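What follows is a short report on a single structure.
Please read all numbers here as calculations on a predicted model, not as lab measurements. We count ligands from 1, going down the list as the structure has it; atoms in each ligand are counted the same way.
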Amino acid sequence: MKGSVKWQSPSNIALVKYWGKKGFQIPSNASLSFTLSNCHTTTELRWSKNENTDVSVYLDNVLNEGFKPKVTKFFDHVSELYPVLKTFKFDIYTSNTFPHSSGIASSASGMSALALCTCSLLESIGKLDKPFFEEASNLARIGSGSASRSVFGGLVEWGEHPKFDSSSDKHASPFTEAHPVFHNYQDTILLVHEGQKSVSSTVGHGLLDSHPFSEQRFKVAQENMAKLKDILIQGDLASFTELIESEALMLHGLMMTSNPSFILMLPNTLAIIQKIQTFRKQNDCHIAFTLDAGANVHMLYPEKDIDKAQKLIDTELAALCANGKYICDNVGKGPEQLEC
Ligand code: PMV
């Protein structure tokens with residue numbers, strides 16, 4: 001008994017950030033993100049019956065021992081929910097559209113693609129008795145929290161919150177009430193630093209357990225989720241800018257005030273932020289920034305500001321990027337199953 005399945009799944013960028021866990025892969029606060037389009041992972045899962053679990057991971061068709069521990073851990077956890085998985089050998093062929101070393105988190109796209117493949121396998125052997133995408137999001141969360149949101153397109157919410165009906169800590173849900181201005185929002189990722197980040201998000205989340213500001217942070221994040229919901233419905237771009245920039249700086253503020261503290265921003269991260277804010281004031285537009293757990297800057301803007309954004313990139317920002325590199329992306333429709 002053997003077979004294969006293939007999914008393409010995108011990365012996402014959080015507007016209200018998930019930073020801190022309560023228990024195993026349960027977020028301390030709710031979060032909300034844009035699912036991207038061009039930055040995605042394609043993963044083919046080839047499976048065959050075996051005495052016990054065995055995993056091999058190939059990146060761009062080359063055996064990659066570095067990914068094996070994380071993927072093995074994923075199957076160890078998921079096998080607790082679906083013991084049948086303990087009787088399979090897996091060969092996983094994966095590739096990203098963005099350079100592996102670009103500093104863009106590939107865990108959201110990678111883990112969501114793997115979770116979707118796993119759900120397809122479970123479905124094909126008659127072992128999936130839950131709604132497909134909800135369970136794919138649950139499994140993706142087990143691999144990487146933010147990956148739970150990549151299973152859906154558009155705007156996606158994850159984590160219990162009183163203002164979001166059917167919200168759950170276990171899986172994400174699409175947020176479908178947003179104003180049309182957000183349907184084709186743009187994200188230009190300015191690559192300040194190419195390479196692995198110095199502190200992993202697993203370590204960063206853990207430092208919130210003993211962080212002096214953590215309780216206040218979780219409260220503010222929940223409040224920001226409520227505010228963001230209204231902003232998204234109303235299409236209030238000025239308030240949107242204010243909120244997402246504050247969230248990005250708060251995330252990095254938490255890193256800088258952890259014990260031990262760490263700084264993931266680089267001098268050019270700050271230079272880009274300042275250029276964006278100055279340009280916005282002088283050019284009557286809604287170009288804003290957010291940050292992931294790294295030095296790169298995500299420049300977010302509505303479709304109507306594309307020309308202004310390109311001018312800003314060409315005249316000021318490209319020069320501040322590593323090797324002048326940036327990636328143009330926009331809100332995407334979510335994962336897609338492909339032919340093997
Ligand atoms: O999914 P993780 O464990 O890699 O954490 C992601 C954390 C941030 O990217 C910084 C924020 C978020 O909500 O995506």
Side-chain angles (χ1 to χ4, degrees), residues 9-36 39 41 67 70-71 73-74 77 98 102-115 137-152 155-161 164 167 169-173 175 187 189 196-209 211 214 217-218 220-222 224-225 228 243-256 258 262-265 269 289-298 300 329:
S9 190
S11 186
N12 70 71
I13 180 66
L15 306 171
V16 169
K17 311 289 181 181
Y18 149 58
W19 200 240
K21 311 182 195 202
K22 47 177 192 207
F24 179 69
Q25 293 298 83
I26 298 297
S28 294
N29 59 264
S31 58
L32 197 147
S33 54
F34 274 134
T35 290
L36 297 178
C39 290
T41 298
F67 284 156
K70 202 168 180 190
V71 173
K73 204 164 137 202
F74 169 81
H77 286 302
F98 47 96
S102 67
I104 299 183
S106 55
S107 62
S109 53
M111 280 299 165
S112 57
L114 186 58
S137 177
N138 180 36
L139 301 191
R141 169 187 65 84
I142 289 169
S144 171
S146 57
S148 66
R149 300 185 307 242
S150 277
V151 165
F152 301 101
L155 285 153
V156 184
E157 189 273 346
W158 168 47
E160 277 173 24
H161 193 287
F164 289 80
S167 63
D169 283 344
K170 295 281 176 72
H171 63 83
S173 315
F175 177 71
D187 180 7
I189 308 164
Q196 298 293 325
K197 54 193 174 200
S198 52
V199 178
S200 73
S201 46
T202 308
V203 171
H205 285 293
L207 290 172
L208 266 274
D209 293 347
H211 197 291
S214 57
R217 160 60 193 162
F218 303 145
V220 171
Q222 292 295 80
N224 279 347
M225 284 292 288
L228 183 58
L243 188 142
I244 66 163
E245 292 191 351
S246 158
E247 271 289 317
L249 296 175
M250 209 180 304
L251 170 70
H252 283 257
L254 289 165
M255 296 172 186
M256 291 191 271
S258 293
F262 60 105
I263 304 175
L264 295 183
M265 289 191 282
T269 312
F289 73 85
T290 188
L291 303 166
D292 223 327
N296 299 329
V297 180
H298 287 249
L300 298 180
D329 212 336

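Partners of Phe175 under the ring pair (Phe, Tyr, Trp, His ring centres under 6.0 Å) rule, at least two apart in sequence or in another chain, are Phe164. The salt bridge (charged side-chain N to carboxylate O under 4.0 Å, His left out) check on Lys21 picks up nothing, with sequence neighbours excluded. The ring pair (Phe, Tyr, Trp, His ring centres under 6.0 Å) search around His211 returns Phe213, not counting sequence neighbours.
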Between ligand 1 and the protein, give all atom pairs where both partners are nitrogen or oxygen and the distance is under 3.5 Å, as lines of names plus distance to 0.1 Å.
unit_1   : atom_1 : unit_2 : atom_2 : d
ligand 1 : 1 (O)  : Ser144 : OG     : 3.0
ligand 1 : 1 (O)  : Gly145 : N      : 3.4
ligand 1 : 1 (O)  : Ser146 : N      : 2.8
ligand 1 : 1 (O)  : Ser146 : OG     : 2.7
ligand 1 : 3 (O)  : His205 : NE2    : 3.1
ligand 1 : 4 (O)  : Ser201 : OG     : 2.9
ligand 1 : 5 (O)  : His205 : NE2    : 3.0
ligand 1 : 9 (O)  : Asp292 : OD1    : 2.8
ligand 1 : 13 (O) : Tyr18  : N      : 3.0
ligand 1 : 13 (O) : Arg149 : NH1    : 3.0
ligand 1 : 13 (O) : Arg149 : NH2    : 3.2
ligand 1 : 14 (O) : Arg149 : NH2    : 2.7

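Arg217 has a carboxylate O that lies under 4.0 Å from a charged side-chain N of Glu247, or vice versa, which qualifies the two as a salt bridge.
Side chain to side chain, Lys70 and Ser144 fail the donor-acceptor criterion of an N or O pair below 3.5 Å.
Using cut-offs of 30° and 60° on the angle between ring planes, the pair Phe24 and His77 is tilted.
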